[in-house]
Amino acid sequence: MGKVIVVTSGKGGVGKTTSTAALGAALARMGHNVVVVDFDVGLRNLDLVMGAERRVVFDLINVVQGVAKLPQALIRDKRLDTLYLLPASQTRDKDALTEEGIARVIFDLRSRFDWVICDSPAGIERGATLAMRFADEAVIVTNPEVSSVRDSDRIIGLLDSKTEKAERGERMAKHLLISRFDPGRAARGEMLNIQDVLEILSIPLLGVIPESEEVLRASNLGAPITICGQQSAPAHAYMDAARRLAGEEIEMLIPTEKVGFFTKIFGRRAA
Amino acid sequence: MKLFRFLKPISSAPVARERLQILLEYERRMVSQSSLIATLKDEILAVVSRHVSIDPEKIHVSVDRGNGFSTLAVGVQIPNQVASEGGVLQAGVAGQS
């Protein structure tokens with residue numbers, strides 16, 4: 001039976017979809033069977049980030065309602081043959097997702113894949129609670145910024161109370177993924193540093209993704225960064241995070257500021 | 001000294017950290033308190049319903065946070081035919097906070 005991971009954050013725009021795609025592709029590159037599931041009904045975007053937007057025929061709601069069978073809705077990645085996508089629907093009717101329906105689909109996915117990675121919508125409404133409902137573990141994506149940290153704290157509270165695992169009295173494993181980290185600004189005291197965020201949220205660190213132009217380039221191209229920008233710093237950070245998720249012990253490298261020769265001589269460029 | 005202040009970078013991160021710590025301590029307490037009130041309400045309703053039939057909407061539970069101790073106030077409204085003096089059963093519990 002596969003493991004169900006929810007990628008969540010509370011706040012929007014922190015990198016949930018990017019991280020879902022990057023972690024999913026990283027695990028697939030390691031040889032695992034992976035499906036990434038878009039729970040953002042009405043505002044689907046995982047298909048676009050994965051470069052599969054023109055191949056969507058059936059979606060999660062079609063499967064939940066029995067209009068389509070699960071294999072009909074799954075889209076196989078063109079670059080990695082162990083990576084699949086289950087897209088969200090574009091219909092605005094969020095009530096089309098029922099808890100029993102989701103439970104059935106997750107159960108089915110669990111038996112077919114090693115990893116079921118659920119991309120949660122922002123907020124703390126029904127869509128977000130349904131995405132986390134049947135998860136075994138959670139990846140909380142946080143930017144080193146006050147509103148993102150506060151919202152992550154709320155989400156941690158929900159993971160400990162509103163999930164099936166929490167209701168059974170079990171502990172939900174939580175992993176913190178800090179994204180858009182700017183080592184220079186953190187060193188100058190302009191941005192919360194890793195230690196600050198860890199102390200405030202007190203959950204274990206899965207990885208630190210440095211702010212990088214490569215992330216936008218990857219979504220422009222419609223490929224997870226762990227496929228199209230494999231040599232970039234964020235791709236390395238995501239690969240390491242995926243290995244840790246799979247249970248490997250990997251040394252945590254906190255990104256540091258790269259100080260070039262000219263910067264050293266002429267001083268820092270203005271941000 | 002003011003003259004040289006521009007040489008020192010203004011660090012806003014410690015301010016962010018402190019604001020978050022204070023805010024989240026408060027918010028976590030509020031969330032756990034509201035879930036405590038909901039649990040108390042459910043259990044009181046269950047106990048009272050064993051003896052008298054009451055309207056679930058007619059139970060009020062609240063916590064007043066004071067200096068040194070807090071007060072838990074419970075109000076249960078009972079229909080007239082059951083309680084002959086008709087009315088409201090009230091209880092107050094004070095506890096160390």
Side-chain angles (χ1 to χ4, degrees), chain A residues 9-11 14 124 129 140 142-163 166-167 169 174 176 178 180-203 208 211 254 257 259 263 267-271, chain B residues 1-50 56-57 59-66 69-74 93 95-97:
Chain A
S9 70
K11 191 175 183 298
V14 296
I124 53 172
T129 50
I140 293 130
T142 305
N143 292 166
E145 178 269 325
V146 284
S147 52
S148 174
V149 174
R150 179 199 210 174
D151 291 358
S152 294
D153 193 70
R154 280 298 296 279
I155 283 290
I156 291 170
L158 290 181
L159 286 165
D160 285 331
S161 60
K162 301 274 183 231
T163 55
E167 284 173 7
K174 293 177 277 298
L176 182 65
I178 297 180
R180 311 199 74 161
F181 181 69
D182 185 330
R185 302 199 74 185
R188 292 194 292 277
E190 297 167 6
M191 181 184 262
L192 288 167
N193 63 40
I194 305 298
Q195 208 51 44
D196 291 339
V197 181
L198 281 176
E199 270 173 34
I200 292 167
L201 294 177
S202 59
I203 57 171
V208 180
E211 171 84 81
I254 305 295
E257 191 177 20
V259 181
T263 325
R268 242 172 229 123
R269 195 163 46 115
Chain B
M1 285 312 278
K2 243 182 190 170
L3 207 63
F4 296 104
R5 196 184 272 171
F6 73 94
L7 286 177
K8 224 170 94 187
I10 310 152
S11 42
S12 52
V15 183
R17 180 197 158 99
E18 201 185 321
R19 287 177 59 218
L20 271 172
Q21 278 172 331
I22 293 167
L23 176 73
L24 293 185
E25 194 193 326
Y26 171 78
E27 286 187 341
R28 284 171 193 157
R29 215 169 48 209
M30 291 313 283
V31 168
S32 69
Q33 185 174 304
S34 68
S35 72
L36 169 73
I37 289 176
T39 314
L40 282 174
K41 209 168 169 177
D42 287 347
E43 291 185 9
I44 290 166
L45 176 69
V47 170
V48 178
S49 305
R50 255 186 262 154
E57 298 292 307
I59 294 186
H60 301 283
V61 181
S62 62
V63 176
D64 258 340
R65 221 158 243 289
F69 68 87
S70 300
T71 315
L72 171 71
V74 181
V93 183
Q96 221 67 34
S97 75

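We use all heavy atoms of the structure for the numbers below, so side chains are in, but hydrogens, waters and symmetry mates are not. Bear in mind that the values here come from a model prediction, so they are computed numbers and not experimental data. Quick note on labels: first sequence line is chain A, next is B, and so on, each numbered from 1.
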Distance (rounded to the nearest 0.5 Å) between [X] [atom1] and [Y] [atom2]:
| X | Y | atom1 | atom2 | result |
| --- | --- | --- | --- | --- |
| A:Asp196 | B:Glu18 | CG | CD | 11.5 Å |
| A:Arg188 | B:Ser11 | CZ | OG | 11.5 Å |
| B:Leu20 | A:Asp153 | CG | CG | 9.0 Å |

B:Arg19 atom CZ, over 12 foreign heavy atoms within 6.0 Å
no

Identify whether the distance between the nearest side-chain nitrogen and carboxylate oxygen of A:Glu199 and B:Arg17 falls below 4.0 Å.
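Salt bridge present between A:Glu199 and B:Arg17.
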
Which heavy atom in B:Ala16 sits nearest to a heavy atom in A:Val146, and how many Å separate them?
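In this case the closest contact between B:Ala16 and A:Val146 is CB-CG1, 3.6 Å.
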
If you look at every heavy atom in A:Gly189 and B:Pro14, which pair is closest and at what distance?
O-CD, 4.2 Å

By a 4.5 Å heavy-atom criterion (distance strictly below it), what part of B:Glu27 contacts chain A: side chain, backbone, both, or neither?
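Just the side chain, heavy atoms under 4.5 Å.
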
With a strict 4.5 Å heavy-atom criterion, list every residue of residues 37-45 of chain B that contacts chain A, or say none.
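Under the 4.5 Å heavy-atom cut-off, nothing qualifies.
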
For A:Glu167, check salt bridge (charged side-chain N to carboxylate O under 4.0 Å, His left out) against everything at least two apart and list the hits.
A:Arg133

